[in-house]
Number of protein chains: 2
Amino acid sequence: MYICLMYSKEIIKGTLKPIILKLLQEHNRMYGYEITQKVKELTKDKIQITEGALYPLLHKLEAEGIVTTEKESIGKRVRKYYKLTETGNSKAAELIDEFIDFMATMKHILDPNLSPGYGTAQ
Amino acid sequence: MYICLMYSKEIIKGTLKPIILKLLQEHNRMYGYEITQKVKELTKDKIQITEGALYPLLHKLEAEGIVTTEKESIGKRVRKYYKLTETGNSKAAELIDEFIDFMATMKHILDPNLSPGYGTAQ
DNA sequence: GACTAATACATAAATCTTTTATGTATATTT
DNA sequence: AAATATACATAAAAGATTTATGTATTAGTC
């Protein structure tokens, strides 16, 4: 079986948003750095979120009302926690479901033997 | 369960290359328009490849030596068939394996219940 | 005590992919 | 005759992410 340490950049494109929303769904509130570490841990270093991608997206999600923030002081440092709003919660559920459905479709294309029942359920 | 007719654009990013390479792996040779139709058919219209994305990528794959082309006249129209080179074949296998592995990782993040054995096999 | 790595945020330029728009031309169906 | 499908192609604009850079605190190591 194919083993890789870290995925090539192109492959990860477009997956950041569902990842973040899923983690926020599960953890109530998280701060940026925590998200990067959680993803590293969950994926055994295969996916490493860059800060240049993460923070602008978090800010955008806030501007869209998907998440709200609260700052918290840890010693002299300030952490910014993100949590889903009510709207954000349903948006998150939608997007994650769409992504899972999409992956089933991709699996059907890429590995037909592993998705024998594709399309039978309507 | 969530049903959607067509995936949002962002979600599909980065998936075009593995899709094309997989189809070429399976069909020996295909022409551009044929690829768009095959993908539409396989995914029940959920993924529709735009020509503006397809043709530049095919040209790039040719420039990189992943595919070769042969033109064929159908009446007064000319079709351009693409097929994998030997190098292209192994590159395709690599990329597809990486993508499948990546999807397993994503599934593990997004839907932990459906990937209980994640990471047990080494 | 000084240095390094980790924690924690942020932004901006450059890169890359894809969409949207446009163009050309033939073949088929209504 | 007109509309739709087939078949290629390119170019400007939009969008996401990388790479690079910046600031500052905290913890661990030599």
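Note that these values count all heavy atoms, side chains included, but never hydrogens, waters or copies made by symmetry. Keep in mind the model is a prediction, meaning the values are calculated, not measured. In what follows, chains are A, B, ... by sequence order, proteins preceding strands, each numbered from 1.
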Practice item. Decide, yes or no, whether a salt bridge links B:K38 with B:E41 under the criterion of side-chain N to carboxylate O below 4.0 Å. Key: yes

Practice item. Considering non-hydrogen atoms only, spot the tightest contact between B:L54 and B:I20 and give its length. Key: CD1-CD1, 3.5 Å

Point to revise | Interatomic distance where NZ belongs to A:K40 and C1' belongs to C:dA5 [whole Å] | key: 12 Å

Check your understanding: Whole-Å distance between C:dC9 P and A:E70 CD?
Key -> 13 Å

Check your understanding: Rounded to the nearest Å, what distance is computed from the CD1 atom of residue B:I35 to the P atom of nucleotide D:dC8?
Key -> 9 Å

Practice item. For A:K76 and for A:I49, locate the closest nucleotide of DNA chain D by heavy-atom distance; then report the residue assigned to the nucleotide nearer the 5' terminus. Key: A:I49

Review point. Do the side-chain N or O atoms of B:K60 get closer than 4.0 angstrom to the phosphate oxygens (OP1, OP2) of C:dT17?
Key: yes

**Study point:** Under 3.5 Å: donor-acceptor pair, side chain of A:T69, backbone of A:Y81
**Key:** no

**Study point:** Charged N-O contact under 4.0 Å between B:E70 and B:R29
**Key:** yes

Check your understanding: If you look at every heavy atom in B:Y33 and B:Y55, which pair is closest and at what distance?
Key -> N-OH, 3.8 Å

Review point. How long is the line joining CD1 of A:I20 and P of D:dA16, in whole Å?
Key: 12 Å

**Study point:** Atom of A:P56, atom of A:E51 and distance for their closest heavy-atom approach
**Key:** CD-O, 3.7 Å

Exercise for review: May I ask you to verify if any side-chain N or O of B:H59 is less than 4.0 angstrom from the OP1 or OP2 atom of D:dT10?
Suggested key: yes

Check your understanding: Axis-to-axis angle across the helix from C:dG1-D:dC30 to C:dT30-D:dA1, five pairs an end, to 10 degrees?
Key -> 20°

**Study point:** Distance-minimising heavy-atom pair for A:L42 and B:H108
**Key:** O-CD2, 3.5 Å

Identify all pairs in which a protein N or O lies below 3.5 Å from an N or O of nucleotides 5-7 of chain D, and state each distance.
residue, atom, partner, partner atom, Å
D:dT6, OP2, B:Y33, OH, 2.0
D:dT6, O5', B:Y33, OH, 2.9
D:dT6, O2, B:R77, NH1, 2.5
D:dA7, OP1, B:R79, NE, 3.0
D:dA7, OP1, B:R79, NH2, 2.7
D:dA7, OP2, B:Y31, OH, 2.7

**Study point:** Separation of D:dT10 C1' from B:L58 CG (nearest whole Å)
**Key:** 14 Å

**Study point:** Interatomic distance where CE belongs to A:M30 and P belongs to C:dA8 [whole Å]
**Key:** 12 Å

**Study point:** Taking every non-hydrogen atom, the tightest pair across B:F102 and A:T15
**Key:** CZ-CG2, 3.6 Å

Check your understanding: Given atom CG of A:L57 and atom C1' of C:dT11, what is their separation to the nearest angstrom?
Key -> 15 Å

**Study point:** Whole angstrom value for the distance that separates P of D:dA9 from CG of B:L61
**Key:** 13 Å

**Study point:** B:T50 side chain near C:dT18 phosphate (N/O to OP1/OP2, under 4.0 Å)
**Key:** no

Review point. Roughly how far, to the nearest 0.5 Å, is the CZ atom of B:F99 from the NZ atom of B:K22?
Key: 13.0 Å

